[in-house]
Amino acid sequence: MTSIPLGPLALPTAPLLVLVASLLATWLADRWTAPAPGARRAGGVLTQAVLLALLAARLAHVLQHADAYGAEPLLVLDLRDGGWHAAAGVAAGLGWVARQAWRQAAWRRALGAGTAAGLALWGAGSAALQALAPGALPDLAVTELASGQPVALPAVAPGRPVVLNLWATWCGPCRREMPMLAAAQARHPGVAFVFVNQGESADTVRRHLATEGLALDRVLLDRPSALGPALGSGGLPTTVFFDAQGRHAGAHMGLLNRAALDARVQALQAR
């Protein structure tokens, strides 16, 4: 599940899970701190640990994919792209907590309880989200824009890694990222970029592509908008990645930038 629908909006689940786990950890640490009027509480240490963990996770990801971010360094600041190195973040956060626990013996129990609860919730939630993700390309019937013929989604690009983009012409972020995706399609000929329009007519899609001057190889129509729910997505744009064997390899809800997409494609091709 990549997002949770909330009226006309959708919340990405991964950052929401981090936020909830962090709030639980700090609340529990504060509850376990020995009460004293005006005294500091241990929850602040865990807030610092989370911030340090996020910084370390971001830096590790950027360093790991320095070639992708090198062309446009300012994209390092675009935290919406989903580029985080979880192991580096956890290590940095735990290191900070251990240092503070060594310096503040009275907080050790509170810090241990809060850290354990937060990590347990985050780990269990991440495992649940992974279990809810589709194991492979959903076997749904869609319509080819070019031919007007129905086709089974797994048959669109068999034996190739797939970048599957769910979009609509009324979606502002979809329109903003489409030229970048079109350029990536030309830059990565070994990867099949599949653009599945949600709920619109063939004429609407053709007019939009012609107006924007977009040359896309694989444009499909999902008139009943069935693919989003099948992929666990409640919002647009959503980009889902599948390896050459058709296995789910990750997803991103929201606007992608070039660096994040190239990093995802590199990882996809390495599987």
Side-chain angles (χ1 to χ4, degrees), residues 1-7 9-66 69 74-133 232 234-235 250-255 257 259-260 263 267:
M1 179 180 291
T2 59
S3 61
I4 300 172
L6 192 64
L9 305 175
L11 298 178
T13 51
L16 184 61
L17 177 60
V18 171
L19 175 62
V20 173
S22 302
L23 291 175
L24 172 64
T26 55
W27 175 81
L28 190 58
D30 280 342
R31 294 279 293 181
W32 279 41
T33 305
R40 293 172 57 220
R41 292 181 176 267
V45 170
L46 296 188
T47 299
Q48 296 165 0
V50 170
L51 295 176
L52 181 62
L54 292 173
L55 176 61
R58 182 62 175 177
L59 289 177
H61 170 80
V62 170
L63 291 174
Q64 185 179 15
H65 301 285
Y69 286 90
L74 289 180
L75 291 180
V76 171
L77 303 177
D78 185 5
L79 303 183
R80 301 169 300 173
D81 67 13
W84 309 91
H85 193 292
V90 171
L94 288 177
W96 179 257
V97 172
R99 182 174 184 270
Q100 298 304 312
W102 179 76
R103 296 176 61 185
Q104 297 279 353
W107 286 359
R108 289 174 188 171
R109 188 178 178 188
L111 290 175
T115 300
L119 285 177
L121 178 58
W122 177 68
S126 299
L129 293 177
Q130 183 64 32
L132 291 172
H252 179 79
M253 186 264 164
L255 189 68
N257 59 47

Under the criterion side-chain contact (heavy atoms from CB on, under 4.5 Å), I'd like the reasoning laid out for W96 against R99: C-alpha separation, chi angles, the key distance, then a yes or no. CA-CA 5 Å; W96 179 257; R99 182 174 184 270; 4.0 Å; yes
Let me see the working for R109 and W32 under side-chain contact (heavy atoms from CB on, under 4.5 Å), right down to the final yes or no. CA-CA 7 Å; R109 188 178 178 188; W32 279 41; 3.3 Å; yes
Looking at every heavy atom in both [X] and [Y], which two are closest together, and how far apart are they?
X	Y	result
W107	T33	NE1-CG2, 3.6 Å
T115	L111	OG1-O, 2.7 Å
A29	A110	O-CB, 3.4 Å
A92	A56	CB-CB, 3.5 Å
L75	Y69	O-CE2, 3.8 Å
R108	A101	NE-O, 2.7 Å

Value rounded to 0.5 Å, distance of [atom1] in [X] from [atom2] in [Y]:
X	Y	atom1	atom2	answer
L52	T47	CG	OG1	12.5 Å
L255	D78	CG	CG	7.0 Å
L17	L121	CG	CG	6.0 Å
D81	H61	CG	NE2	5.5 Å

Answer yes or no: is there a donor N or O on one side and an acceptor on the other, between the side chain of R41 and the main chain of R31, under 3.5 Å? no
Begin from the C-alpha positions of L54 and R58 and carry the test side-chain contact (heavy atoms from CB on, under 4.5 Å) through to its verdict. CA-CA 6 Å; L54 292 173; R58 182 62 175 177; over 6 Å; no
Between L19, T26, V18, which is the residue that forms a side-chain contact (heavy atoms from CB on, under 4.5 Å) with S22? V18
